[in-house]
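As the structure is a computational prediction, the values presented were derived from the model and not from experiment.
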Amino acid sequence: SEQAALLSSSDWELAACFNNIHKALTDHQYNTVFADARHIRTIYPEADLYSNLSFLEGYAFERLGLPDQAIHSYTFYLTHSTGTFSKRQRGYDQADAGDSLLMLQRTHAKKFVSTRAEDSTLRFSPIPPKLYTDPYQPGFSLTGTRLTDPATHFPFLIGKDLSGKLSYGGQLFIPFNRKSLLYAQTLFSKDMARLTVGFPMQLVQSSDLRVGVKVTPFISYAEIDNLTTSKGRFEVDQGYADFGARLSAGYYLQPNLALGAYYQYDYHHSGNKFRTRSGVEIWDENEVDLSVYYNLVEGISLKMGIKNKDAVIGLFLSGWELSYSLNHHDIIIRTNLF
């Protein structure tokens with residue numbers, strides 16, 4: 001099967017060449033198809049096996065009145081190609097629902113090979129290159145550029161409770177459509193259990209996926225047995241509810257390099273603390289983050305930037321962050337990065 005991991009500059013160039021070919025066929029500029037086809041094979045020698053490149057050349061030959069060359073290209077396409085869109089053209093491997101376009105083009109090729117009957121009913125839609133994006137980075141909800149369709153999943157999670165102690169749990173992502181999903185997170189420690197539910201929604205998304213803006217209203221509830229603070233350990237035995245919203249934006253500077261920023265508002269922030277019956281004050285800090293993200297593998301990025309008053313460097317792993325504060329020399333684990 002075709003290997004396609006992170007988006008590269010050559011993938012962007014590859015998609016741009018396919019788009020040029022589609023435009024040339026639409027504008028009846030058939031002679032210009034072959035230069036782009038040669039360039040595609042230079043960038044990606046296996047393009048004929050995992051795309052419809054040889055079909056596109058065959059159609060250009062057909063329209064130029066060169067049936068022998070068209071039959072040669074169509075025969076190669078029917079014999080060797082396994083698809084219409086290459087997975088290296090991010091998003092387009094999912095654009096052909098039920099392989100309808102694939103079947104249409106294969107039927108066209110078979111008919112011409114057997115009868116040489118010309119058919120001008122085919123249409124070639126624009127397929128401009130798109131960036132690969134991690135759907136849980138700032139600014140992006142669900143973009144459809146992963147190698148598989150977005151699906152419900154429940155990854156394991158390590159975080160911190162309100163006392164700063166390690167907690168364990170999981171995250172649940174349930175897509176509603178390409179622009180919104182339901183997010184739920186559970187964390188359990190010895191002293192408390194916490195549930196957070198959010199609804200990330202895509203507000204702005206450019207056609208090439210370079211720019212994204214999303215907002216996420218959320219609500220959380222923690223059942224607390226004990227709290228440990230700088231003043232000691234307190235028995236609380238009480239529930240703690242909070243709500244708020246996160247606004248984030250992302251901008252891709254290069255295919256695997258993005259600038260991301262977000263602001264998170266919590267109702268119970270440092271200026272509006274929740275006081276328990278035992279007199280302990282609880283709050284979640286409002287948070288401002290401006291960072292650069294570099295994709296290492298699908299779903300894992302190197303992150304470096306400013307979080308509130310911390311200069312941080314670490315890893316962003318599809319919805320949670322493990323980083324180190326360079327100025328406060330502390331490990332930061334953030335889990336509500338929906």
Side-chain angles (χ1 to χ4, degrees), residues 1-5 7-132 144-145 147-149 207-209 255:
S1 62
E2 183 177 25
Q3 300 299 311
L7 179 68
S8 66
S9 297
S10 63
D11 293 339
W12 182 271
E13 190 176 1
L14 180 76
C17 287
F18 272 105
N19 190 49
N20 290 341
I21 290 176
H22 274 220
K23 187 176 187 305
L25 294 177
T26 300
D27 295 342
H28 310 297
Q29 302 296 318
Y30 305 113
N31 279 312
T32 66
V33 167
F34 308 109
D36 278 302
R38 286 193 297 270
H39 189 53
I40 287 173
R41 292 188 179 97
T42 300
I43 300 170
Y44 186 28
E46 296 180 311
D48 284 298
L49 304 180
Y50 299 112
S51 74
N52 65 343
L53 180 60
S54 52
F55 173 85
L56 297 174
E57 280 190 313
Y59 189 80
F61 282 129
E62 176 188 333
R63 304 309 296 164
L64 287 169
L66 301 170
D68 292 338
Q69 292 92 325
I71 288 174
H72 180 269
S73 294
Y74 282 153
T75 300
F76 187 93
Y77 170 69
L78 293 169
T79 305
H80 298 288
S81 178
T82 62
T84 302
F85 296 115
S86 165
K87 289 183 178 179
R88 291 178 61 175
Q89 296 169 261
R90 288 305 187 279
Y92 299 113
D93 58 310
Q94 301 167 18
D96 184 12
D99 287 333
S100 59
L101 181 59
L102 173 66
M103 297 307 298
L104 185 66
Q105 293 185 354
R106 291 184 73 85
T107 299
H108 178 99
K110 289 177 182 178
K111 181 179 179 181
F112 189 87
V113 168
S114 62
T115 67
R116 298 196 177 206
E118 294 187 6
D119 185 353
S120 60
T121 60
L122 289 180
R123 297 291 179 267
F124 300 91
S125 301
I127 48 171
K130 292 184 179 182
L131 288 164
Y132 168 87
T145 56
L147 302 185
T148 56
D149 285 319
S207 59
D208 61 0
L209 306 182

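Residue pairs that meet the salt bridge (Lys or Arg N to Asp or Glu O under 4.0 Å) test with at least one member in residues 51-73, sequence neighbours left out, are Arg41-Glu57, Arg63-Glu118, Asp68-Arg116. Residue pairs that meet the salt bridge (Lys or Arg N to Asp or Glu O under 4.0 Å) test with at least one member in residues 30-40, sequence neighbours left out, do not exist here. Screening residues 21-31 for salt bridge (Lys or Arg N to Asp or Glu O under 4.0 Å), with sequence neighbours left out, gives Lys23-Asp27.
In this structure, Asp99 and Thr84 have side chains that are not in contact, with every pair of non-hydrogen atoms separated by 4.5 Å or more. Using a 4.5 Å cut-off on side-chain heavy atoms (C-beta onward), Leu102 and Asn52 make no contact. Here the side chains of Tyr44 and Tyr50 are in contact, with some heavy-atom distance below 4.5 Å.
With sequence neighbours left out, Thr75 forms a side chain to side chain contact (heavy atoms under 4.5 Å, CB included) with Ile71, Thr79, Val113. For Phe18, there are no ring-ring contact (aromatic ring centres under 6.0 Å, His included) partners two or more places apart in sequence or in a different chain. Pro126 meets the side chain to side chain contact (heavy atoms under 4.5 Å, CB included) test with Asn19, Pro128; sequence neighbours excluded. The ring-ring contact (aromatic ring centres under 6.0 Å, His included) check on Phe124 picks up His22, Tyr59, with sequence neighbours excluded. Under the rule for a side chain to side chain contact (heavy atoms under 4.5 Å, CB included), the partners of Ala24 that lie at least two apart in sequence or sit in another chain are Gln29, Thr32, Val33. With sequence neighbours excluded, the residues satisfying side chain to side chain contact (heavy atoms under 4.5 Å, CB included) with Lys111 are Thr115, Ala117. Shown here are the side chain to side chain donor-acceptor pair (under 3.5 Å) partners of Glu13, two or more places apart in sequence or in another chain: His39. Among residues two or more places apart in sequence or in another chain, the side chain to side chain donor-acceptor pair (under 3.5 Å) test is passed with Thr107 by none. Take Thr121 and apply the side chain to side chain donor-acceptor pair (under 3.5 Å) test, not counting sequence neighbours, and it matches Asp119.
Between His108 and Phe55, the ring planes lie perpendicular to each other; the angle is over 60°, past the 30° to 60° tilted range.
Side-chain contact of Ser81 with Arg106: a donor-acceptor pair under 3.5 Å is absent, judged by distance alone.
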Begin from the C-alpha positions of His28 and Tyr30 and carry the test side chain to side chain donor-acceptor pair (under 3.5 Å) through to its verdict.
CA-CA 5 Å; His28 310 297; Tyr30 305 113; 2.8 Å; yes
